[in-house]
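Here is the structure we will look at.
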Amino acid sequence: MQLDQLYQEIILDHYKHPRGCGLRAPYGAEAHHVNPTCGDEITLRVRVGGGRVEDCSYDATGCSISQASASVLFELVEGASVEEALRDHGAFAELMAGRGTVEPDEEVLQDAVAFVGVARYPARVKCALLPWMAFKDALLRAVGAADERIPAKEG
Amino acid sequence: MQLDQLYQEIILDHYKHPRGCGLRAPYGAEAHHVNPTCGDEITLRVRVGGGRVEDCSYDATGCSISQASASVLFELVEGASVEEALRDHGAFAELMAGRGTVEPDEEVLQDAVAFVGVARYPARVKCALLPWMAFKDALLRAVGAADERIPAKEG
Amino acid sequence: MTRTIPAPTLDVDRVRADFPILARLVNGHPLAYLDSAATSQKPRPVLDAVREYYERHNANVARSVHTLGTEATEAYEGARAKVAGFIGAGSADEVVFTKNSTESINLVAHAFSSMAADPRFRLGPGDEIVVSEMEHHSNLVPWQLLCQRTGAKLRWFGITEAGRLDLTDLDRLVTERTKLVALVHYSNILGTINPTATVVARARQVGALTLLDASQSVPHLPVDVGVLGADFLAFTGHKMCAPTGIGGLWARADLLEAMPPFLGGGSMIETVLMTGSTYAPPPARFEAGTPPVAKAVGLGAAVDYLRGIGMAAVAEHEKRLTAYALDALATVPEIRIIGPTDLVDRGATISFAFAGVHPHDVGQVLDAQGVQVRVGHHCARPTCARFRVPATTRASCYLYTTTDEIDALVRALAVVRKVFA
Amino acid sequence: MTRTIPAPTLDVDRVRADFPILARLVNGHPLAYLDSAATSQKPRPVLDAVREYYERHNANVARSVHTLGTEATEAYEGARAKVAGFIGAGSADEVVFTKNSTESINLVAHAFSSMAADPRFRLGPGDEIVVSEMEHHSNLVPWQLLCQRTGAKLRWFGITEAGRLDLTDLDRLVTERTKLVALVHYSNILGTINPTATVVARARQVGALTLLDASQSVPHLPVDVGVLGADFLAFTGHKMCAPTGIGGLWARADLLEAMPPFLGGGSMIETVLMTGSTYAPPPARFEAGTPPVAKAVGLGAAVDYLRGIGMAAVAEHEKRLTAYALDALATVPEIRIIGPTDLVDRGATISFAFAGVHPHDVGQVLDAQGVQVRVGHHCARPTCARFRVPATTRASCYLYTTTDEIDALVRALAVVRKVFA
Ligand SMILES: Cc1ncc(COP(=O)(O)O)c(C=O)c1O
Ligand SMILES: Cc1ncc(COP(=O)(O)O)c(C=O)c1O
């Protein structure tokens with residue numbers, strides 16, 4: 001059944017046991033993103049310090065894909081350098097745009113490779129991307145607030 | 001050839017030799033009507049007196065059908081009683097709405113019976129009606145101006 | 001909506017044979033198309049009429065003496081007459097063809113302004129427009145935009161917990177200040193059929209105009225504008241077996257006459273000078289540019305098709321399906337219906353929440369079983385907000401829907417339970 | 001419009017075989033369809049694409065996770081990408097689907113107001129909009145209405161006796177006061193192809209926006225928005241082998257981004273509350289309601305069809321027809337061409353007067369011989385007024401037109417002479 005492709009075990013596990021959820025303070029910037037077609041919403045906060053993502057906290061309502069995506073995002077970026085986090089964002093966005101033809105790099109994306117199946121469902125790509133868009137938005141503003149430099153190649 | 005139905009000899013004759021054309025004074029009321037789809041135009045004046053159409057004068061630009069129709073109209077209503085003129089208008093309008101199925105009364109319509117073929121061409125019905133609409137418009141106003149009563153059944 | 005005469009029954013198998021798409025497989029399962037509230041499928045006679053139009057008669061309308069042009073014009077105006085007859089309009093001239101309901105409603109909204117010549121359309125600070133919390137965005141956003149343009153105030157009816165229009169405040173909401181009440185006739189999210197007569201009567205009492213968003217009612221119920229008594233009726237072809245790209249606005253002749261033009265361009269004019277123009281009488285005044293001729297022909301054919309089956313039979317068929325579906329869904333413990341749970345004044349459009357699973361996931365799992373339902377806010381976000389859900393899953397039926405398809409839905413819901421257990 | 005590379009020739013017999021209607025008889029004569037400027041005929045691949053869409057994939061777009069809805073969305077957005085490619089747009093998001101050119105132009109007109117947030121769209125007394133005397137009503141009336149709403153002033157280029165845009169006054173007409181120049185690219189009545197580059201350059205110099213009405217150019221010439229350099233381009237599907245009911249507006253991304261919504265409703269929103277809404281980014285912001293999905297699919301197929309033949313080949317074929325027709329008509333002594341009489345920057349749309357016979361009568365007699373030409377003012381009354389004629393007879397060609405059809409026209413004109421001798 002095709003469903004297995006979409007709802008891989010990793011995704012369902014993150015959905016049922018989301019990592020790092022809940023909004024935490026202090027934080028450098030907060031972003032609120034909405035998916036207008038389905039009503040999914042996320043509020044996401046980022047704290048940066050010393051060039052690293054010190055915390056990424058979030059409150060999300062939405063489908064399993066968007067919730068799992070937030071959880072996977074948290075695991076990837078928490079403690080990562082700003083540069084790494086932006087690279088992860090780029091890799092994930094590329095995976096989602098690939099319609100299932102992009103071979104994900106497990107080194108980089110870790111659990112997020114499970115989303116390769118999502119890329120085959122155009123209607124669900126937006127769900128998976130929602131937390132990542134909010135993250136990039138909040139991250140760039142947090143970096144700005146912290147007066148950190150954004151690595152040029154990804155800004 | 002179907003064209004004969006439309007361009008009957010009587011119509012072409014009225015077109016080439018229009019009766020009563022040219023604007024004359026004095027007059028009781030003047031109407032200017034336009035056919036927006038083809039640019040046909042007519043200015044038509046009516047003088048009434050003693051319950052009769054004393055003069056119906058006009059200046060028309062347009063196709064053969066609209067020009068011949070004005071000429072035929074002139075012949076029918078010139079000198080007719082207001083009541084007769086309105087009856088003629090009604091008979092002609094009915095003929096035009098009939099899509100070629102109405103049997104015209106030659107007693108009433110005289111040369112205008114030739115327009116029975118026009119009724120089969122929806123795009124041309126408006127051409128034929130243009131002078132008649134202007135006539136009714138001007139007549140009713142002329143009657144009003146002359147303080148004549150309009151026969152109730154047709155007003 | 002009088003359904004006193006026993007309706008002729010509808011032979012659903014024969015109906016289905018007219019809809020080629022229904023034979024399709026989806027993800028290896030027979031298609032169960034339960035999304036007719038979003039758009040209906042098209043029967044062969046409609047597709048054939050459109051094709052025949054293009055293969056035999058296609059030309060531009062209204063400005064032609066040639067044969068093809070005359071045939072095209074007659075096909076277009078003939079379709080207008082059919083549509084007028086279908087909704088009980090007094091004259092074909094009271095029907096304006098638009099591209100969809102949304103344009104129909106915006107067309108009316110743009111007739112209102114601070115500078116309107118006719119006082120019924122003059123709108124400014126102190127004036128009010130009344131809608132409801134169960135409007136489709138297409139009958140809400142145009143009024144929000146109009147209020148922004150003019151300074152008028154938007155007010156709205158609430159919804160009861162049972163999914164009914166809350167008329168408790170009718171006399172306080174619809175007052176001398178009200179210029180227009182714009183109300184959905186049949187809610188595309190709740191399935192509720194609203195008591196429009198009560199609202200129309202009150203509006204008339206205070207001298208307000210009324211618009212009914214009949215996007216869902218014209219396809220599914222016998223509708224007669226004379227009986228409804230409203231001033232404007234908006235509807236859309238693609239939900240009633242016709243092609244996309246064609247809709248209609250019915251309005252009383254004297255109102256259309258009083259309305260200024262909306263879109264400017266070819267065919268809506270009387271005389272054009274560089275220094276200014278005058279405009280054609282309705283309905284041409286509101287149909288600028290080349291109209292969707294073939295789509296109008298398709299809508300005419302759809303009306304013929306629906307009349308052939310009988311709208312009373314369609315409504316009766318859907319009533320039976322509603323009863324069946326409500327019973328069937330009651331067997332699924334996770335399900336909470338959002339909207340009326342009885343058969344009184346409700347149609348075969350059923351929204352629900354599935355405990356613990358987001359509608360997106362519900363829809364995805366159902367799709368894997370071939371069951372096509374809509375998930376989301378159904379262009380009625382305020383209604384979702386009212387019921388404290390981000391979205392719903394909605395199954396909606398039409399004349400070709402079978403109880404088997406509802407059974408397929410219920411079976412597929414069991415899979416949802418399994419995947420997200 | 002660079003035609004330096006020798007164009008591949010077009011096999012007109014093969015092309016004609018794709019258009020079922022061309023086999024028709026009219027009044028006992030083979031159809032000679034010389035009215036493509038009004039609307040084009042549709043090739044079988046376009047009709048098949050529409051039918052296949054309805055029989056296999058039909059669903060509403062953009063709000064669906066189900067298979068049919070996903071397929072419909074991909075078909076719709078795929079068509080957008082094809083259209084974007086066809087006109088050389090940088091991105092599919094720069095193409096808004098409308099119902100026709102007329103709506104496209106009105107959409108731009110409604111972006112301008114006294115309250116516009118972006119100064120480029122702010123318009124009031126003292127500001128000017130420039131058009132020309134050879135505009136189609138659809139590129140004139142919307143600007144007249146806009147000037148009425150805002151107090152801005154409408155100015156216009158004249159036409160030379162030879163049927164060319166009179167640019168003598170360019171610098172006096174297009175000035176610092178000009179906010180927009182809206183110009184027809186290829187006149188539907190005169191056949192003139194305008195020197196848009198000169199006008200666009202001047203507009204840019206004074207900081208004015210430019211809109212090209214490309215309703216006739218996109219179907220008949222290779223068009224590249226990058227080369228044209230204008231800010232807006234309006235075009236319409238039914239003149240380019242696609243169904244009625246679909247058109248397009250191309251605009252620079254930053255302009256679309258700055259434009260407020262026009263029609264309000266489903267699909268154009270971001271978030272909706274009863275108290276106010278926010279709007280989706282372009283192009284969705286300008287596509288309220290259910291779009292004409294099947295028609296967009298048809299337009300996509302039409303673009304594929306035209307690309308398959310090659311727009312350079314189409315233009316070349318029409319150039320040959322123009323030469324042939326001008327020569328042939330020169331043999332009819334009663335005829336006076338209204339529009340350019342040479343081949344420079346003119347298309348295969350030829351208007352003429354027939355001495356002593358009104359165009360309506362000309363058209364009627366031609367129709368009796370199966371020749372379908374348009375008679376009237378062609379939605380360009382001011383142009384007729386400029387040439388002191390109430391109307392013209394217009395023959396217009398397309399990729400399927402043959403020299404035989406032009407011969408049929410000339411033969412039929414002899415009958416006109418006979419009937420009205
Ligand atoms: C030059 C020109 N502009 C605008 C239009 C309007 O196009 P539509 O009627 O498809 O809106 C036309 C055709 O009718 C045209 O030829
Ligand atoms: C109740 C209601 N109103 C308005 C609309 C808008 O119709 P359309 O999208 O065809 O304009 C719809 C359907 O989408 C609807 O269900």
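Labels below follow one simple rule: chain letters A, B, ... track the order of the sequence lines, proteins then strands, and each chain is numbered from 1.
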Per-residue tally against chain C (heavy atom, under 4.5 Å) across D:K42, D:R51, D:Q364 peaks at D:R51
When the 4.5 angstrom heavy-atom criterion is applied to D:E135 and chain C, the contacting part is neither
Between the CZ atom in D:F262 and the CG atom in C:L145, the distance rounded to the nearest 0.5 Å is 11.0 Å
Taking the side chain from D:K99 and the backbone from C:G245, do they hold a donor-acceptor pair closer than 3.5 Å?
-> no
Ranking C:K239, C:R44, C:H57, C:M268 by heavy-atom pairs under 4.5 Å to chain D gives rank one to C:H57
One should read off an interatomic distance between C:E103 CD and D:L263 CG, to the nearest 0.5 angstrom, of 6.5 Å
- prompt: Would a distance-only check, ignoring hydrogens and angles, find a side-chain to backbone donor-acceptor pair under 3.5 Å from D:D367 to C:L68?
  reply: no
Cut-off 4.5 Å, heavy atoms of chain C, and the answer for D:D35 is side chain
Here the gap from C:R386 atom CZ to D:M274 atom CE, rounded to the nearest 0.5 Å, amounts to 12.5 Å
Here the gap from D:E287 atom CD to C:N100 atom CG, rounded to the nearest 0.5 Å, amounts to 11.0 Å
Pair count under 4.5 Å, heavy atoms only, with chain D: among C:A294, C:A385, C:A380, C:P243, highest is C:P243
ask   = Between the side chain of C:T39 and the main-chain N/O of D:N60, is any donor-acceptor distance below 3.5 Å?
value = no
Honestly, the part of D:H110 sitting under 4.5 Å from a heavy atom of chain C is side chain
So CZ of D:R24 and OG1 of C:T67: to nearest 0.5 Å the spacing works out to 7.0 Å
